[in-house]
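Step one of this worksheet: look at the structure below.
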Protein chains: 2
Amino acid sequence: MTEPRWLNADERRAWLALLSINTLLPAALDNQLHTAGKVSLFDYNVMAMLSEAEGRFLPMSQLAARTSSSLSRLSHVVAKLEKRGWLERRPHPRDARVTTAHLSDVGMTTLEALAPGHVETVRTKFLDALTERDIHDLARIGEKIVAGLDDDHWILRDTESRP
Amino acid sequence: MTEPRWLNADERRAWLALLSINTLLPAALDNQLHTAGKVSLFDYNVMAMLSEAEGRFLPMSQLAARTSSSLSRLSHVVAKLEKRGWLERRPHPRDARVTTAHLSDVGMTTLEALAPGHVETVRTKFLDALTERDIHDLARIGEKIVAGLDDDHWILRDTESRP
DNA sequence: AGAGCGTGGTTGAGAGTTCAAGTGACGCAC
DNA sequence: GTGCGTCACTTGAACTCTCAACCACGCTCT
């Protein structure tokens, strides 16, 4: 049992900054989305991921992967969004175990109405503080961290060059 | 009402990576802390911030600032930690409005027992994926983002050079 | 065909978080 | 020294998330 390696100055700065960003940024975005349309950042992302999928639907487990969430969390949220008429759940025709979540037309319209305000907030609260180079570096570093946490995370697919 | 500026490739990569990190990293750390000692990452941070303060106590509002949390959230959590005997609340002697949270000896011991496993997890889940240079860049970029979200955030004090 | 195992998803209970409202105390204006 | 606005919290209710248990289906092996 040896003495643990404590964080040095840069490691500590990086860690504390990430920790703060982690609570402040989602709070700011949640806030904007909630006043704009009683939607959380997570709700928004669920719908956004569906809107980008072929046919605007995905199996629950793939949607969970794309939102980095547990199936349980997703299930509760999809139930809520379904009650609002923005999503619809259907059984998969070939595999009766899987449920697919479909973005409804009303959901799509809602999402489109929310999108401009949301990206604008992403800019003002996040991207505007950075230079083009910062953003490029952050994308690279961020993807490294994601890879360390989940080595076949969906955002790492098709964007990486192959050998 | 002009067309919003959507995200370009790098902006999107940076944003999606941050979003994923944001859910995966705290989950991993919460997990470790919870199995090690039924403590959340936020609980841990509250105690860690107190442990680093002069005299191991801070007014609630300063503690809230240091944990980037709302006073309400903090109040609930401090109540919980107080019930476990790790913290103690005392009225401020000069200003009866303020409550100070003190880390107890038991709390300090608990924190010290948890710390090695926690830093180790911070390393394996986060820092190990990065080079020294990445960490330095991330610290710089991260602090820029924090500054954009809260221009007098505590982590920006004393670490920045002054004019 | 059926036993056993893994997969995909749901559910309910308990823990945690947020939001709005409330309680005192300070401090300044007159 | 009496209002009156602000500050520093606290509280309770509503909502969200997590965790463990559960169900149903598909796959493989015999």
Next item on the list: Could you list the residues that satisfy side-chain contact (heavy atoms from CB on, under 4.5 Å) with A:Arg73, not counting sequence neighbours?
Entry: A:Phe42, A:Ser69, A:Ser70

Could you go through nucleotides 21-28 of chain C and list every protein N or O atom that sits under 3.5 Å from one of its N or O atoms, giving the distance for each pair?
from: C:dC26; atom 1: OP1; to: B:Ala96; atom 2: N; distance (Å): 2.9

Margin query: Give me each pair satisfying ring pair (Phe, Tyr, Trp, His ring centres under 6.0 Å) with a member in residues 110-144 of chain B, each pair once, sequence neighbours excluded.
Written below: A:Trp15-B:Phe126, B:Tyr44-B:His118

Checklist line | side-chain contact (heavy atoms from CB on, under 4.5 Å) partners for A:Asn31, two or more places apart | finding: A:Thr35

Check: If we only count heavy atoms from C-beta on, is the B:Glu132 to A:Asp10 side-chain gap below 4.5 Å?
Finding: no

Notebook entry, point to check: Got a sec? Which of residues 29-55 of chain B come in under 4.0 Å of DNA chain D, heavy atoms?
Noted result: none

Note to self: The criterion is salt bridge (charged side-chain N to carboxylate O under 4.0 Å, His left out); which residues satisfy it with B:Lys144, sequence neighbours excluded?
What the structure shows: A:Asp134

Find every protein N or O atom lying less than 3.5 Å from an N or O atom of nucleotides 12-15 of chain D, and list the pairs.
from: D:dG12; atom 1: O6; to: B:His76; atom 2: NE2; distance (Å): 2.9

Check: To the nearest 10 degrees, what angle separates the axes at the start and end of the helix from C:dA1-D:dT30 to C:dC30-D:dG1, five pairs each?
Finding: 10°

Next item on the list: Go through the structure and list residues passing ring pair (Phe, Tyr, Trp, His ring centres under 6.0 Å) with B:His102, not counting sequence neighbours.
Entry: B:Phe57

Check: For residues 63-89 of chain B, which residue pairs qualify under ring pair (Phe, Tyr, Trp, His ring centres under 6.0 Å), counting only residues two or more places apart or in two chains?
Finding: none

Checklist line | Sequence neighbours excluded - salt bridge (Lys or Arg N to Asp or Glu O under 4.0 Å) pairs with any residue from residues 19-43 of chain A | finding: A:Asp43-A:Lys80

Checklist line | Residue list, side-chain contact (heavy atoms from CB on, under 4.5 Å) with A:Glu11, at least two apart or on another chain | finding: A:Leu7, A:Asn8, B:Arg123, B:Leu127, B:Ile135

Next item on the list: Might you confirm whether atom CG of B:Asp105 has over 12 heavy atoms from other residues, nucleotides or ligands at distances under 6.0 Å?
Entry: no

